[in-house]
Structure formats: structure tokens, C-alpha cells
Protein chains: 2
Amino acid sequence: MSSGATPAQVMQGCPVHDLRVKLRDAGLRPTRQRVALGWLLFAKGDRHITAEKLYEEATGARVQISLATVYNTLHQFTEVGLLREIAVDGSKTYFDTNISNHHHFLFEETNALVDIPDSHIAVGALPEAPEGMEVSRVDVIIRLTKKVASA
Amino acid sequence: MSSGATPAQVMQGCPVHDLRVKLRDAGLRPTRQRVALGWLLFAKGDRHITAEKLYEEATGARVQISLATVYNTLHQFTEVGLLREIAVDGSKTYFDTNISNHHHFLFEETNALVDIPDSHIAVGALPEAPEGMEVSRVDVIIRLTKKVASA
DNA sequence: ATTTGTGCAAATCGTTTGCATCTGA
DNA sequence: TCAGATGCAAACGATTTGCACAAAT
């Protein structure tokens, strides 16, 4: 029950139950598509993905879904705190399945993102913001390029 | 020579000369449009602006230019290091005339950006990246929301 | 004269929306 | 049953591009 099962197959299995509960707890009906996407998103450990990519993955896994629904679902998941949107300047929007405090390495050549555990970075001395404002989140992106060959 | 002069007017004046030199040094021909945009961008201290907004400003200042040229110019300026692109997740691209090391406050309600002088923030203990990579830049965005009325 | 930049309008890309149909509780 | 979800295709907004024309060296 964990070899090369496709999301569609595993949906008939048991770990799906947790997912359904998770969705319901979040106030979302565990529909076929949401469960399938949830499976793709959360079964493989932390990941950073775009709507387009997830759509391809779902399609490739024989999950019947429309791109619009992928966008909707991604946003709904974000609203209920199951996902987090990441601000990389590119034109695309990335979603992160890791919703704990952490930051990112960005490989500029490929636009790939890699998590930096929160414990490995320290942002000190935040200047408090103007009156009446509070910090909702701090995003740190460390941009990486290939090191130039030198001593 | 500094009252309410429009860019077009000031272009006939003297501070424009520096701008032309600046552009030429950067390898860009100081054309009418580039000088006008340069004036709008750099004469007013540090600013964060979108192509669309700059286009409006230029048009409002009776500078004849097309939106496409504004986009082109903004990117050219960025390539030669006169500007910096900022990664805010919204769909729009912001350009920052402050190219020194610094970070940003982002007012989520309005999408307004405010500089944080580099000295006011300390990012400590960066975990070095995988082999062969080097840090090209560290972006920090502190997201702010209105403080909820409470004690 | 040559090279480089500009303007326009059409094309593109990611994303969103309207609406008819379908599904889960 | 029936609110809520989905699919499709058309709409969208920001940005880019192709190409004829204009300006800078």
C-alpha cells in the first residue's frame, strides 16, 4: 500500500482518511479533486510548487481536474492555512507546503527554492514599524548564483 | 531652477548634464526618454515604483513616451545597476531607486513599500549554500498589517 | 550613414471569472 | 435536497515582442 500507487489508487486506501479529516477540519469539503491535490501536495514532504506544475502532476497521475480548480484549491488551502504563498519576484506564484517559520534559498539560475530551517537563520533587531502596525511575517530570501571559478 | 519645473523643462537646464553622463557611463545612450525617466526616478530621493505608475507620472509631466519604452528603460536601468527589482508577491513588479543594501517594510493593505536602512536590521548566521553557490543578495521583507485594537 | 532606441498594436503568459453542470452531505 | 464545487472557455491585467520609423553618434 505504498509502492507505486497513483494518487487515484491511494485515494481508495487508508491514509486518505486523515487527509479528508484535515480538509473537513479546515472547513473544506473533501471533494475528489481536493483530496487528490492534497495527496500530491502533502504526501511527499515539503515542497514548493506552482499551480501549473501541480496541474501537470495531477494530470500525469490520472487525476481528472481543471487548471482553474487547481488555482482555486491552492488559494483555498492557503486561506485555511494549509499552504503558504511565497514571494519570489518571478511572474509565477509559488506555494509552500511547509507552513512553519522558515526562509528560503533561491537558486537564481533555475528559480528553484530550498527551505532554510528557521533555527539556521537569525534576523535580529527589527525596527518596529510605524504606529498601529504589527509584523505579520518576515520573509527572507537568500539569492544564490553559481560561484565564479576562482581561487 | 528648482521650483515647479517639469522634467521636460529641467531637461534644458543643468542638473540634466549629470544624468546624461550617468547614463553614458552606464553604456546607455542618453535619449530624450531615458533622461526624462531618469529625472523622474532619481531627482526625488529613494522611491519604489511600477512601470505603470512611472508611465503615468511621465505622461502627467508632459513627457511623451510609450508604456513599452518605460518597461524597456526600467529593465535597462536595472541591468546596468541603476535600479533594483523588488520581489513582492503581488502581480506587479516594483523597481527601487535605492540600490544600496537595505530591506523593506511591506504594508499589506496598500502594498506600499518603505525602506529599512541596512543598519537597522541584522541577519545573522546565514547557513552557507550548497557547494559551488554563492550569495548574490539577501532580501528581507517585513510584512505589516494594521494592529488589531486591543490593550 | 549607421547603429540604437522608440512607438504602436498585437501577442503572450499567468491567473481569474461567469456560468451551466455536477457532487457530497 | 441543495449549498457548495467543478469545468470550460472567455476575460483579464501585466508585461513582452515584431516591426516600421525616428533619433543619436
Side-chain angles (χ1 to χ4, degrees), chain A residues 8 11-12 16-17 19-38 40 48-56 58-59 62-80 82-83 85-95 111, chain B residues 8 11-12 16-17 19-38 40 48-56 58-59 62-80 82-83 85-95 111:
Chain A
M11 264 166 57
Q12 265 79 59
V16 176
H17 184 256
L19 191 44
R20 298 178 67 89
V21 170
K22 190 173 182 175
L23 290 177
R24 175 156 292 123
D25 286 352
L28 296 175
R29 273 200 205 164
T31 63
R32 223 183 289 302
Q33 296 72 340
R34 297 215 263 236
V35 173
L37 291 185
L40 287 171
H48 310 95
I49 201 169
T50 63
E52 204 80 40
K53 273 270 182 309
L54 183 57
Y55 174 65
E56 284 170 23
T59 298
R62 315 205 185 302
V63 171
Q64 190 198 318
I65 199 171
S66 76
L67 181 55
T69 297
V70 172
Y71 274 103
N72 288 338
T73 303
L74 247 14
H75 286 138
Q76 290 156 352
F77 280 15
T78 301
E79 272 163 30
V80 300
L82 259 30
L83 291 177
E85 232 168 308
I86 310 181
V88 186
D89 56 0
S91 41
K92 300 178 186 175
T93 302
Y94 283 79
F95 293 87
N111 261 320
Chain B
M11 264 166 54
Q12 264 79 57
V16 176
H17 184 258
L19 191 44
R20 300 178 66 88
V21 170
K22 189 173 183 175
L23 290 177
R24 176 157 291 119
D25 287 351
L28 295 175
R29 275 195 199 166
T31 63
R32 222 182 292 302
Q33 297 72 340
R34 297 216 263 236
V35 173
L37 291 185
L40 286 171
H48 311 96
I49 200 170
T50 63
E52 204 80 39
K53 273 272 183 309
L54 183 56
Y55 173 65
E56 283 169 24
T59 298
R62 313 205 187 302
V63 172
Q64 190 199 320
I65 198 170
S66 76
L67 180 55
T69 297
V70 173
Y71 275 102
N72 288 339
T73 303
L74 246 16
H75 285 138
Q76 290 156 353
F77 281 14
T78 301
E79 271 163 31
V80 301
L82 258 31
L83 290 177
E85 232 169 308
I86 310 180
V88 186
D89 56 1
S91 44
K92 300 180 186 173
T93 302
Y94 283 80
F95 292 88
N111 261 320

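Within every chain, numbering begins at 1; the chains are lettered A, B, ... in the order of the sequence lines, protein sequences first and strands thereafter.
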**Side chain of Ala51(A) (C-beta onward), nearest among dT15(C), dC8(C), dC8(D)** = dT15(C)
**Asked** To the side chain of Arg34(B), which of dT6(C), dT17(D), dA14(D) is closest?
**Response** dT6(C)
Mind calculating the distance between [atom1] ([X]) and [atom2] ([N]) to the nearest angstrom?
X        : N       : atom1 : atom2 : value
Leu67(B) : dA14(D) : CG    : P     : 10 Å
Leu23(B) : dT4(C)  : CG    : C1'   : 14 Å
Glu79(B) : dT16(D) : CD    : P     : 11 Å
Tyr55(A) : dG14(C) : OH    : P     : 14 Å
Gln76(B) : dT17(D) : CD    : P     : 13 Å
Asn72(A) : dT16(C) : CG    : P     : 9 Å
Ile65(B) : dA23(D) : CD1   : P     : 14 Å
Glu56(A) : dG14(C) : CD    : C1'   : 13 Å

Just N and O in the side chain of [X]: are any of them under 4.0 Å from OP1 or OP2 of [N]?
X        : N       : value
Arg32(B) : dA24(D) : yes
His75(B) : dT16(D) : yes
Arg24(B) : dT25(D) : yes
Thr69(A) : dT6(D)  : no
Thr31(B) : dT6(C)  : yes
Gln33(B) : dG7(C)  : yes
Thr50(B) : dA14(D) : no

**Close side-chain approach of Leu28(B) and Thr73(B), heavy atoms under 4.5 Å** = no
**Message:** Applying a 4.0 Å non-hydrogen cut-off, can you work out what Thr93(A) is touching in the nucleic acid: base, sugar-phosphate, or nothing?
**Reply:** sugar-phosphate
Looking at [X] and [Y], what are the two nearest heavy atoms and their distance?
X        : Y        : result
Val88(B) : Ala87(A) : C-CB, 4.3 Å
Ala36(B) : Val63(B) : CB-CG1, 3.5 Å
Val80(A) : Ala26(A) : CG1-O, 3.4 Å

**Toward the 5' end of DNA chain D, by each residue's nearest nucleotide, Arg20(B) or Tyr94(B)** = Tyr94(B)
**Asked** Given that Gln64(A) and Tyr71(B) both sit by DNA chain D, which one's nearest nucleotide is further toward the 5' end?
**Response** Gln64(A)
**Request:** Just do the side chain to side chain contact (heavy atoms under 4.5 Å, CB included) check on Leu82(B) and Leu23(B) with the steps written out, would you?
**Result:** CA-CA 9 Å; Leu82(B) 258 31; Leu23(B) 290 177; 4.1 Å; yes
**Request:** Using only heavy-atom distances, determine whether the side chains of Gln76(A) and Arg34(A) contain a donor-acceptor pair under 3.5 Å.
**Result:** yes
**Asked** Is a donor-acceptor contact shorter than 3.5 angstrom present between the side chain of Arg29(B) and the base of dT3(C)?
**Response** yes
